[in-house]
Amino acid sequence: MHVALTGATGFLGLRLVRELLERHDSLTLLAHAGSGGALRRITRFFELTGAPAALITELPKRLRVVETDLSRPRIGLSSADFQRLADELDVIWHSAGNINLDDDLVKLRRVNVEGTRNVLALAAAGGRKPMVHHISTAFVAGARRDGVAYEDELDDALGFENAYERSKYEAEIMVREWSRTHGRPVVVLRPSILVSDLPPHPELPEHPLQFVDQIFRTVLCRLDMAGVGIAEGHRPVMRMTGSPHGHLNLLPVDHAASVMVRLASRQPSGCVDTYHVVHDHDVPVPVIVALLERLAPMRLELVEHRPYDLTPLEAAADLYPGFTPYLSHRRRFDDTRVRTLLGASLSGVHVDLDYLIAGVAAVEQPCPRAPFGPSHLDGDPLVPLEMR
Ligand SMILES: NC(=O)c1ccc[n+]([C@@H]2O[C@H](COP(=O)([O-])OP(=O)(O)OC[C@H]3O[C@@H](n4cnc5c(N)ncnc54)[C@H](OP(=O)(O)O)[C@@H]3O)[C@@H](O)[C@H]2O)c1
């Protein structure tokens with residue numbers, strides 16, 4: 001069986017490579033031509049996670065890299081190469097994506113929607129009718145903050161918290177339509193927020209909570225550069241919108257990849273089979289707040305609405321508006337279909353504060369490039385902007 005995978009160098013993709021290599025002799029990696037060094041990066045992942053030496057030695061033989069740009073027609077290949085590749089494949093795993101919650105919709109659509117369209121075109125062109133496993137996200141449920149999101153649901157009635165969610169929703173709509181018009185089965189896998197307790201390493205891809213850590217460091221660096229650094233030992237209060245009763249579903253990435261590959265080995269129904277790949281316990285928002293407080297010398301106070309009298313510190317810290325709404329979420333993801341097939345698919349790993357801290361513990365790095373203007377930081381960071 002000939003299996004191809006997009007996004008193999010990503011946070012999830014690396015774990016999918018590891019799982020798939022347990023079941024298949026070789027894989028074709030549809031790697032991102034713009035980034036380069038896919039085999040080297042994957043090999044580093046195996047080395048850094050303690051894979052057996054024999055497996056690492058075999059990687060160049062077992063992994064074939066095809067350089068692609070999914071956002072381009074024919075995934076950036078010539079017509080002949082595209083057709084040759086399509087005709088070789090029995091299975092396509094589509095994990096590539098842009099996961100930056102704050103990117104604009106045009107940019108997100110390029111990879112998440114157009115990229116999916118071009119992967120589906122590859123699947124449509126393949127003479128062996130390759131089976132498609134599409135990695136979506138549980139967050140296609142959008143701005144529904146309460147209640148239960150079910151695996152068969154897909155609508156935009158409540159809108160979206162950010163453009164990322166919308167782009168992934170649009171991709172899933174397209175996948176469903178493709179399945180219907182081509183009469184082809186597709187497996188759609190919807191993970192929740194993926195995390196790891198593997199300490200950050202410059203040669204490993206980042207995960208969403210590490211972005212939050214970077215944002216705090218950016219804020220602190222910019223405050224420092226503006227000469228308004230926070231005095232040592234002082235922990236100013238920063239207000240953030242969120243609910244103390246909120247909870248979020250965070251799933252260890254290794255477990256997610258293992259569940260996905262097990263689900264993919266099941267007999268497909270013939271149309272679109274959608275699965276919520278989620279943890280059986282949510283993480284309370286106060287645990288996320290405690291994590292943030294460990295990352296930054298501030299005390300965080302959850303407030304129901306965004307304050308109108310933002311301090312410069314609060315204005316500067318709201319650098320990840322795509323993420324902040326999740327601190328108000330109280331919905332649950334129903335995963336009955338997964339449990340029916342795999343039994344109680346418990347990860348066995350309790351995602352608690354210690355787990356999360358291990359996976360985002362700040363590594364010494366220079367100040368990141370600030371994505372906001374200096375005007376937020378003129379003056380005392382603790383005095384509301386309106387009062388100056
Ligand atoms: N991480 C999460 O918490 C999470 C949660 C739910 C769903 N998901 C979904 O899971 C999938 C994988 O996410 P991830 O965390 O692994 O993301 P990631 O670490 O950012 O990896 C993204 C992957 O996509 C590749 N890629 C990006 N643009 C490409 C292009 N134009 N052509 C070819 N390849 C391209 C990247 O290649 P290079 O790195 O080589 O450029 C990388 O391998 C995504 O579809 C995402 O929406 C993720």
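Each ligand, and each atom within it, is numbered from 1 in the order the structure gives.
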[atom]: nearest protein contact (heavy atom, Å):
atom: atom 34 (N) of ligand 1; answer: His32 CB, 3.4 Å
atom: atom 32 (N) of ligand 1; answer: Leu70 N, 3.1 Å
atom: atom 40 (O) of ligand 1; answer: Arg41 NH2, 2.7 Å
atom: atom 3 (O) of ligand 1; answer: Leu194 N, 2.9 Å
atom: atom 45 (O) of ligand 1; answer: Lys168 NZ, 2.7 Å
atom: atom 31 (N) of ligand 1; answer: Asp69 OD1, 2.9 Å
atom: atom 15 (O) of ligand 1; answer: Phe11 CB, 3.6 Å
atom: atom 16 (O) of ligand 1; answer: Leu12 N, 2.9 Å

Note, [X] side chain near [Y] side chain (heavy atom, < 4.5 Å):
X: Glu151; Y: Asp273; answer: no
X: Arg64; Y: Glu88; answer: yes
X: Arg299; Y: Glu293; answer: yes

Option of least heavy-atom distance to [atom] (set: [options]):
atom: atom 13 (O) of ligand 1; options: Val119, Ile193, Ile99; value: Ile99
atom: atom 43 (O) of ligand 1; options: Ile135, Val253, Leu250, Thr9; value: Thr9
atom: atom 6 (C) of ligand 1; options: Ser192, Ala38, Ser35; value: Ser192
atom: atom 11 (C) of ligand 1; options: Gly13, Gly97, Gly115, Ser95; value: Ser95

Can you list the ligand 1 atoms lying under 4.0 Å from a non-hydrogen atom of [X]?
X: Ser136; result: 7 (C), 8 (N), 9 (C)
X: Val111; result: 28 (N)
X: Gly10; result: 16 (O), 18 (P), 19 (O), 21 (O), 42 (C), 43 (O)
X: Pro191; result: 6 (C), 7 (C)
X: Gly7; result: 23 (C), 24 (O), 43 (O)
X: Tyr164; result: 7 (C), 8 (N), 9 (C), 46 (C), 47 (O)

Query raised in the report: Please walk me through it: do His32 and Thr9 pass side chain to side chain donor-acceptor pair (under 3.5 Å)?
Result: CA-CA 9 Å; His32 190 193; Thr9 52; over 6 Å; no
Report task. Applying ring pair (Phe, Tyr, Trp, His ring centres under 6.0 Å) between Phe139 and each of Phe160, Phe333, Tyr164, Phe323, report the one that passes. Result ->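 That would be Phe333; it is the only one of Phe160, Phe333, Tyr164, Phe323 passing the ring pair (Phe, Tyr, Trp, His ring centres under 6.0 Å) with Phe139.
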Inspect the contact between [Y] and [X] and indicate whether a charged nitrogen and a carboxylate oxygen are less than 4.0 angstrom apart.
X: Arg44; Y: Glu47; value: yes
X: Asp81; Y: Arg74; value: no
X: Arg117; Y: Glu114; value: yes
X: Asp155; Y: Arg144; value: no

**Report entry** Sub-3.5 Å N/O-N/O distance, Pro205 and ligand 1
**Finding:**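 The answer is no, given that Pro205 and ligand 1 share no N or O pair closer than 3.5 Å.
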Query raised in the report: Can you check whether Thr137 has an N/O within less than 3.5 Å of an N/O in ligand 1?
Result: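 No, no N or O pair falls under 3.5 Å.
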Query raised in the report: Any donor and acceptor pair, going by atom type alone, linking the side chain of His247 with main-chain N or O of Arg332 inside 3.5 Å?
Result: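 No, His247 side chain to Arg332 backbone: no donor-acceptor pair under 3.5 Å.
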Query raised in the report: What about Val188 and Leu70, same hydrophobic cluster or not, with Ile/Leu/Val/Met/Phe/Trp/Tyr joined at side-chain heavy-atom distances under 4.5 Å?
Result: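 In one cluster with Val188: Leu70, no.
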Query raised in the report: Which word best sums up how the rings of Trp178 and His182 line up, parallel for under 30°, tilted for 30 to 60°, or perpendicular for over 60°?
Result: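 Ring orientation of Trp178 relative to His182: parallel.
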